[in-house]
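All remarks here apply to the structure that follows.
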Amino acid sequence: MLPDEPPTESLGEIRCLDHGYLALVSTFGQDRDPARIARTSFRNKKVRSLEDDTRLTKYLLRHGHSEPFEFVNARFYFKAPITVCRQIFRHRTAKKNEISYRYMQASREFYVPALERMQKQSESKKQGSSDELIADPAGAHERMRRICNLAFDEYEALLADGLAAEIARGVLPMHTYTEWYWQNDIHNLLDMLGKRLAGDAQGETRVYARAMLDLLEPVYPIIIGAWKELHRG
Ligand SMILES: Cc1cc2nc3c(=O)[nH]c(=O)nc-3n(C[C@H](O)[C@H](O)[C@H](O)COP(=O)(O)OP(=O)(O)OC[C@H]3O[C@@H](n4cnc5c(N)ncnc54)[C@H](O)[C@@H]3O)c2cc1C
């Protein structure tokens with residue numbers, strides 16, 4: 001159980017980064033649904049085994065028959081830095097609802113990357129970091145913590161002066177934690193994971209994408225297993 005739980009019960013939770021987590025709130029649809037739905041015209045002809053359905057699921061994924069997968073849905077609750085939220089929100093087919101610092105005061109929780117994440121800017125990849133650390137990872141860690149704390153000092157002082165929360169929030173750092181519900185069908189969800197687990201995706205967003213996959217796998221072993229197999233080779 002996490003110290004600051006999602007607002008509803010969940011099917012499973014994974015801690016992410018220093019103060020974040022991901023919770024699988026609910027799912028809709030069964031693991032064998034894509035195969036069953038794809039066989040609408042043949043449903044009464046024969047009883048299908050688990051192996052039949054697994055084989056068909058793989059076939060559908062391999063050949064891009066996406067609609068049967070859109071009958072299966074998953075709802076998550078995220079607590080993640082604003083930077084991660086912005087990237088996850090780019091995926092347009094998802095439903096999402098985020099807490100708002102117009103109405104809620106931000107608690108003093110911000111992401112400070114661990115020392116091993118204090119990597120140099122990569123020269124080969126446009127967006128990414130290289131495998132090499134900067135000369136003073138501990139110094140960078142401390143500077144990030146200090147500047148975020150300073151920003152929160154000012155934020156809280158502005159609120160104490162009576163400034164509207166919607167204006168005061170402008171000083172919050174991009175690593176401030178935010179929270180949101182997120183729901184999508186499994187076709188578009190897996191499309192997003194393909195992009196956000198790739199080597200050129202931001203490491204922090206990859207942490208959440210990996211957690212999504214790990215939470216979904218026990219619920220949808222056929223679908224996730226088939227997807228992983230396809231993406232390995
Ligand atoms: C490594 C990486 C770096 C990125 N860098 C930047 C960046 O520098 N700047 C930036 O702005 N963005 C950036 N992005 C975001 C990127 O450009 C896409 O907006 C994001 O990945 C969503 O992809 P998508 O549009 O394929 O998928 P989604 O929005 O998840 O949609 C899934 C699929 O649904 C279909 N679809 C959804 N909406 C429509 C529609 N209205 N019309 C037709 N088809 C639709 C499409 O087939 C689409 O592929 C980056 C993404 C990644 C993974």
Side-chain angles (χ1 to χ4, degrees), residues 14 16-17 20 22-29 33-34 37-38 57-98 111 113-114 116-134 144 170 172-217 219-220 223-224 226-233:
I14 293 179
C16 301
L17 308 180
L22 179 74
L24 178 60
V25 175
S26 56
T27 58
F28 176 80
D33 280 352
I37 286 164
T57 302
K58 288 181 184 176
Y59 176 90
L60 293 170
L61 268 183
R62 200 165 53 244
H63 295 280
H65 296 289
S66 54
E67 197 170 8
F69 295 93
E70 293 173 24
F71 286 82
V72 177
N73 275 259
R75 183 182 304 162
F76 289 94
Y77 192 82
F78 283 77
K79 180 176 177 188
I82 291 170
T83 44
V84 171
C85 180
R86 283 186 66 165
Q87 294 183 348
I88 303 282
F89 269 39
R90 294 305 306 273
H91 297 277
R92 296 161 290 171
T93 56
K95 321 268 175 268
K96 46 246 177 193
N97 226 310
E98 187 188 1
Y111 166 56
E116 60 269 21
R117 186 68 178 106
M118 295 301 180
Q119 294 153 294
K120 284 187 175 173
Q121 174 65 36
S122 161
E123 283 169 20
S124 57
K125 286 184 277 175
K126 281 200 182 94
Q127 305 103 327
S129 358
S130 78
D131 294 335
E132 203 185 333
L133 293 186
I134 58 167
M144 288 186 82
L172 292 174
M174 286 180 77
H175 274 184
T176 304
Y177 275 89
T178 183
E179 300 176 31
W180 69 96
Y181 279 103
W182 189 95
Q183 181 174 322
N184 212 344
D185 65 76
I186 205 94
H187 162 65
N188 281 292
L189 190 155
L190 290 173
D191 180 72
M192 180 187 95
L193 293 190
K195 290 165 180 146
R196 299 300 175 181
L197 284 168
D200 61 347
Q202 173 145 1
E204 285 70 18
T205 303
R206 278 211 304 269
V207 168
Y208 285 86
R210 165 59 54 192
M212 290 173 92
L213 203 59
D214 289 347
L215 287 169
L216 285 173
E217 192 159 18
V219 186
Y220 299 121
I223 298 172
I224 300 300
W227 186 83
K228 280 173 132 178
E229 200 177 293
L230 191 66
H231 283 256
R232 261 201 302 271

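Start at 1 and go down the list; that is how both ligands and their atoms are numbered.
- The aromatic rings of H65 and Y59 sit parallel to each other, their planes meeting at less than 30°, with 60° as the upper class boundary.
- Remark: Y111 engages E204 in a side chain to side chain donor-acceptor pair (under 3.5 Å) (not counting sequence neighbours).
- Here the protein heavy atom with the shortest distance to atom 25 (O) of ligand 1 is R92 NH2, 2.6 Å.
- Less than 4.0 angstrom separates some heavy atom of D191 from each of these atoms of ligand 1: 32 (C).
- Within the structure, ligand 1 lacks M192 among the residues with a heavy atom less than 4.0 angstrom away.
- Within the structure, ligand 1 has R196 among the residues with a heavy atom less than 4.0 angstrom away.
- Contact check for F69 versus D191: no side-chain heavy atoms found under the 4.5 Å cut-off.
- At least one protein heavy atom sits closer than 4.0 Å to atom 1 (C) of ligand 1.
- The nearest protein heavy atom to atom 21 (O) of ligand 1 is closer than 4.0 Å.
- Near N188, the atoms of ligand 1 lying under 4.0 angstrom from a non-hydrogen atom of the residue are 32 (C), 33 (C), 34 (O).
- When all heavy atoms of P34 and L60 are compared, the closest pair comes out as O-CD1, 3.7 Å.
- The side chain to side chain donor-acceptor pair (under 3.5 Å) search around D33 returns none, not counting sequence neighbours.
- Of the protein's heavy atoms, at least one falls inside 4.0 Å of atom 36 (N) of ligand 1.
- Shown here, atom 8 (O) of ligand 1 is out of close reach of the protein: none of its heavy atoms lies under 4.0 Å off.
- Checking each of R196, M192, K195 against R90 for a side-chain contact (heavy atoms from CB on, under 4.5 Å) leaves exactly one that passes, namely R196.
- Heavy atoms of other residues, nucleotides or ligands lying less than 6.0 angstrom from CZ of F28 number 12 at most.
- For atom 47 (O) of ligand 1, no protein heavy-atom neighbour is found at a distance under 4.0 Å.
- Of the N or O atoms in H91, one or more lie within a sub-3.5 Å distance of an N or O in ligand 1.
- Rounded to the nearest 0.5 angstrom, T93 OG1 and D185 CG are separated by 6.0 Å.
- With a 6.0 Å radius and a threshold of 12 heavy atoms from other residues, nucleotides or ligands, R62 has its CZ atom above the threshold.
- Under the 3.5 Å distance criterion, the side-chain polar atoms of Q119 are matched with a main-chain donor or acceptor of S130.
- For atom 52 (C) of ligand 1, a protein heavy-atom neighbour is present inside the 4.0 Å cut-off.
- What sits closest to atom 17 (O) of ligand 1 on the protein, heavy atoms only, is R90 NH2, 4.6 Å.
- Within 4.0 Å of atom 32 (C) of ligand 1, at least one protein heavy atom is present.
- Taking atom 5 (N) of ligand 1 as the reference point, the nearest protein heavy-atom neighbour is Q127 NE2, 4.0 Å.
- Of the polar atoms of K195, at least one N or O is found under 3.5 Å from an N or O of ligand 1, judged by distance alone.
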